Structures are given as structure tokens and as C-alpha cells.
There are 2 protein chains.
Amino acid sequence: MATQRADHQQNPTVDEIPDIVISRLPVYLRTLRLLDSQGAEVTSSQELGELLGISSAQIRKDLSHFGEFGKQGTGYNVAFLCRQLEKILKVDCVWPVVLVGAGYLGHALASYNGFLNRGFRIVGVFDNDPTKVGTQIGDIEVKPTSALPEAVDRTRCQIAVIAVPAHSAQAVAEELIEAGIRSILCYAPLTLNMPPDVRVEYIDPVISFQHMTYYLDKGCID
Amino acid sequence: MATQRADHQQNPTVDEIPDIVISRLPVYLRTLRLLDSQGAEVTSSQELGELLGISSAQIRKDLSHFGEFGKQGTGYNVAFLCRQLEKILKVDCVWPVVLVGAGYLGHALASYNGFLNRGFRIVGVFDNDPTKVGTQIGDIEVKPTSALPEAVDRTRCQIAVIAVPAHSAQAVAEELIEAGIRSILCYAPLTLNMPPDVRVEYIDPVISFQHMTYYLDKGCID
DNA sequence: GTATGTGAAGACTTTCACAGCG
DNA sequence: CGCTGTGAAAGTCTTCACATAC
């Protein structure tokens with residue numbers, strides 16, 4: 001639901017890897033790191049598939065786009081495959097992220113300590129509510145959005161999170177693009193209107209709920 | 001990534017609608033309600049497609065699974081199409097939801113006032129941390145998970161949200177199933193192992209970030 | 001024996017393009 | 001004339017099944 005690339009014909013040997021394949025790699029990585037933390041040295045496409053509820057063929061096919069990471073008869077070395085996936089996804093480093101919106105959700109995100117060891121660090125929190133500007137969240141001070149361009153520039157930040165109400169999200173998104181942000185994770189419940197070279201992903205729990213209810217037996221209040 | 005239905009051949013006239021179609025309906029609904037709130041009375045598949053960044057043909061094809069909602073030459077009545085989508089998704093009512101986890105994220109979810117007018121109400125918050133049990137979030141008192149079965153039963157709740165750390169998520173999920181929950185929205189960063197008749201959706205911002213970085217120019221810290 | 005990597009087959013999804021209706 | 005609803009075509013994704021390698 002958010003896929004675009006301009007350069008198609010540039011290099012015929014590197015034909016575009018489907019976005020749907022890319023979207024599964026972080027899930028593979030998350031599970032491999034769990035296996036690694038449990039002391040597993042080796043795994044197989046079958047074991048991984050069972051943990052994820054997908055077919056082993058899919059995992060093998062997905063990985064085959066990037067190289068040959070396994071050994072026939074043996075499977076995959078867990079730590080090695082982790083490193084390879086981290087390299088493919090470019091998360092073998094820490095990416096700075098700016099966060100706009102210091103409400104409850106912004107607080108939750110800014111305080112979450114699960115980002116760093118998966119490749120991300122929130123380097124700035126911004127909000128225009130004067131009662132929030134100047135307050136501290138952990139070791140970060142909330143600043144007005146007028147301070148965004150300088151912060152994005154200084155940290156060479158390419159990723160932003162929008163955690164403001166829907167009515168101000170489009171304006172915030174435009175400020176972010178203006179400041180140089182290339183990818184946005186949007187928690188506001190709307191579809192942003194953005195230039196095609198900006199990647200946007202959305203998180204809206206109600207979308208997930210409304211997907212679920214289609215399959216449930218109706219038995220709700222009212 | 002979470003699709004299963006047992007009954008296939010039951011009624012040949014109602015052939016299974018693809019899950020990928022269902023997953024787009026809530027997004028259509030969200031946008032239609034925005035148009036409605038802006039006073040639009042009529043829209044077209046083309047206008048909707050432009051707002052959503054998808055093709056008009058896709059929207060028409062998706063809707064055609066459920067009936068003929070538009071008028072040729074005119075388009076769709078916004079309010080009418082909203083009501084139809086709400087009926088299809090079964091969100092023309094309010095579904096009770098229980099929330100497990102009263103950390104920052106749990107607070108953000110329990111305090112969010114955007115659920116009700118989209119069909120959901122958090123009716124209980126549960127946590128086993130004794131420093132949290134008994135505290136109030138808005139007008140809800142945090143209870144221990146031992147109180148889950150009674151609450152799920154009393155409210156006839158089918159939907160739960162997991163907002164606990166990864167290490168306790170699987171155990172919580174099992175308690176939820178035991179209590180009678182049929183669908184789970186999981187914010188913990190792992191894949192749950194669940195029986196096939198339980199629908200699970202996942203929200204993990206790091207998965208979204210790691211998807212983005214594949215397409216970004218590497219220019220991160222380290 | 002066991003598990004990968006991979007063409008080919010099969011299944012699914014999107015787009016095309018136009019008849020038909022308001 | 002404009003826009004829907006829809007078969008048919010095109011395109012994409014997943015699964016199969018097996019040669020190959022350990």
C-alpha cells in the first residue's frame with residue numbers, strides 16, 4: 001500500500017525485488033533474533049515457517065533473491081542469516097528518527113526502549129502545544145516544530161513518526177518533507193497526500209479491528 | 001498474514017471474498033467518512049482512488065464483491081456507501097475490547113478517544129504488575145489478569161489488545177484464548193503461536209521502519 | 001538421509017477496456 | 001456524456017517438486 005520506485009531499467013542484472021518480499025524480511029529477522037537469543041545455532045526454512053505460520057518454500061524463495069545463505073542438508077546458521085538480513089535491510093547500524101506529537105502515544109514511543117537494538121533511535125520530539133514544549137521525555141526535551149529543520153539536518157535524519165491528531169497530520173507531513181524527511185510512519189488515522197518519492201507506512205489500530213470484525217460473529221453492543 | 005476460514009464449500013453462491021479485499025474496506029471507510037465530514041454528498045471511484053493512491057478500477061472491483069452501490073454517470077453517495085461498508089464490516093455498532101498491559105502504550109490506547117465513533121470501546125484494562133493494579137486510567141480501573149475471564153464473559157468480548165513486553169505476550173495470548181477471545185491485536189514484537197481459528201494482527205513500528213530502510217540511502221549513525 | 005535453491009505450474013490479484021445505464 | 005460494473009487479459013505471487021549438495 002506504499003510502494004514506489006522510479007529507476008526500473010537502470011541495471012538489468014539487478015531486477016527489482018518485489019516489495020512484498022522486502023516486507024517479510026523484518027519478520028524473518030525478528031524471529032531469527034529470537035532463536036539466536038534462545039541459543040539456537042542452526043535453523044531450517046521449515047522451522048522458521050512453522051514459527052511464522054507460512055510455508056517453507058516461501059521463505060526459501062524470498063531469501064533466494066539475495067543469495068544462497070543456507071547449506072543443503074543442514075539449514076541456515078542463525079547468527080549468519082541475521083547478519084545478512086540486517087545488511088540487506090540496512091539495519092546493521094542505528095538510524096535517527098524524529099517524532100512529532102508529544103501526547104500519550106508520543107510519550108509511549110519516546111519512552112520505548114525496544115528501538116535501539118533493532119536499529120533505531122529517537123533523536124528528537126516535536127510538538128506545537130505550548131504546554132508540552134520544554135517538557136522532558138526521558139532525556140529528550142520537547143521542542144516546537146520550528147526546530148525540526150535544524151534537527152533533521154544536524155542528525156541527517158531521513159525517518160519521521162507522526163503521532164499527532166488526524167486534523168494536523170497532513171500539515172505536519174508537509175513540514176517534515178520540507179525539512180528533508182524521506183520516510184514517514186504515520187499513526188494518525190488518515191491517508192497522507194505525499195509526493196511519490198516519499199514512503200509512508202501507516203499504523204491505525206482501528207483498521208486492524210475493522211478487518212477482524214468482518215470475520216467475527218456479530219455480537220456487539222447496540 | 002493472518003487469514004483462515006474452515007468453511008469453504010458450504011454455499012457455492014457466496015464464494016469466499018479475498019482477504020486482501022476485506023483489508024482495504026476499512027481504509028475506504030475511513031476516507032469516505034472524512035469526505036462525509038467535509039460535506040461531500042457524492043464521490044467517484046476516481047476521486048477515492050486519488051485520495052488513496054490506488055486505481056479506480058480496484059475500488060470498483062472491490063465494491064462489486066458486495067453489491068452495486070453506485071450510479072452510472074454519477075458515482076457513489078458518500079453517506080450511503082459509508083453505511084454499506086459499516087454493515088459489511090459489522091462496525092454499525094460498538095464492539096467491546098479488552099486491553100492487557102498498562103504501561104505507556106496501554107495508557108495511550110486506553111486514553112485514546114478515537115475508538116468509539118469507529119465502532120470500538122475498551123471495556124477493561126488488565127495487568128499483573130501490583131504497582132499498576134488498582135490504578136485508574138480515565139474511568140477504567142486496572143485489574144489483574146485473573147479478572148479477565150469474568151470480564152470477557154460479562155461483556156461478551158471477542159477482541160483483545162496485547163500491549164505487554166514480548167517475553168510475556170505468548171502467555172497472555174493463551175490466557176485470552178482461554179477466556180474466550182477470538183481476535184487479537186498484538187503490539188508485542190513477536191509472532192504468536194495460536195490455533196488457526198484465532199485471528200491475530202500485529203503492530204510493530206520497527207517492522208515498518210526496517211521496511212523503509214531497505215529503500216533509503218544508507219546514511220545512519222555508526 | 002536431509003534440507004536448500006529453483007524452474008515450472010498453479011493460484012491469485014490487478015488492470016484493461018467497454019457495454020450499459022443514468 | 002460520465003461513471004459504474006465486469007468479463008477477459010495481463011501481471012504478480014505462491015506452491016510444487018525435484019536436482020543438487022552436504
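All heavy atoms count here, side chains included; hydrogens, waters and symmetry mates do not. Computed from a predicted structure; not experimentally measured. The chains referred to below are lettered A, B, ... by the order of the sequence lines, with proteins before strands, and numbering in each begins at 1.
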Span of DNA chain C, from the first to the last nucleotide whose atoms fall under 4.0 Å of chain B heavy atoms: C:dT13 to C:dG22
State yes or no: are the ring centers of A:Tyr76 and A:Phe69 separated by less than 6.0 Å? no
Test ring pair (Phe, Tyr, Trp, His ring centres under 6.0 Å) applied to B:Tyr112 - qualifying residues, sequence neighbours left out: B:Phe115
For B:Phe126, ring pair (Phe, Tyr, Trp, His ring centres under 6.0 Å) partners two or more places apart: none
What pairs of donor and acceptor atoms, side-chain ones from residues 79-90 of chain A against any protein atom, are under 3.5 angstrom apart with sequence neighbours left out?
{"from": "A:Glu86", "atom 1": "OE2", "to": "A:Arg33", "atom 2": "NH1", "distance (Å)": "3.3"}
{"from": "A:Lys90", "atom 1": "NZ", "to": "B:Tyr214", "atom 2": "O", "distance (Å)": "3.0"}
{"from": "A:Lys90", "atom 1": "NZ", "to": "B:Leu216", "atom 2": "O", "distance (Å)": "2.4"}

Rounding to 10°, can you tell me the angle the first-five-pair axis of the helix from C:dG1-D:dC22 to C:dG22-D:dC1 makes with its last-five-pair axis? 10°
Quick one: which of B:Ile159, B:Val200, B:Val97 gives a side chain to side chain contact (heavy atoms under 4.5 Å, CB included) with A:Met212? B:Ile159
A:Ile184 pairs by side chain to side chain contact (heavy atoms under 4.5 Å, CB included) with which of A:Val172, A:Val100, A:Leu176? A:Leu176
Span of DNA chain D in contact with chain B (heavy atoms, under 4.0 Å): D:dG2 to D:dA8
Quick one: salt bridge (charged side-chain N to carboxylate O under 4.0 Å, His left out) partners of [X], sequence neighbours excluded?
X	value
A:Glu47	none
A:Asp62	A:Arg24
B:Arg60	none

Any salt bridge (Lys or Arg N to Asp or Glu O under 4.0 Å) pairs touching residues 158-182 of chain A, not counting sequence neighbours? A:Arg182-A:Asp197
Heavy atom of residues 33-49 of chain B under 4.0 Å from DNA chain D: which residues? B:Ser44, B:Ser45
Neighbours of DNA chain C within residues 56-67 of chain A, by heavy-atom distance under 4.0 Å: A:Arg60, A:Lys61, A:Ser64
Side chain to side chain contact (heavy atoms under 4.5 Å, CB included), that's the test. Do A:Ile203 and B:Ser208 meet it? Break it down for me. CA-CA 9 Å; A:Ile203 290 181; B:Ser208 304; 4.3 Å; yes
Quick one, B:Arg30 and A:Pro189 - any side-chain contact, counting heavy atoms below 4.5 Å? yes
To the closest 0.5 Å, what do you measure between CD1 (B:Ile207) and CG (A:Leu29)? 7.5 Å
Output yes when B:Arg199 and B:Asp19 qualify as a salt bridge under the 4.0 Å nitrogen-oxygen rule, no when they do not. yes
In plain terms, say whether B:Asp92 and A:Lys218 are close enough for a salt bridge, that is, a side-chain N and a carboxylate O under 4.0 Å apart. yes
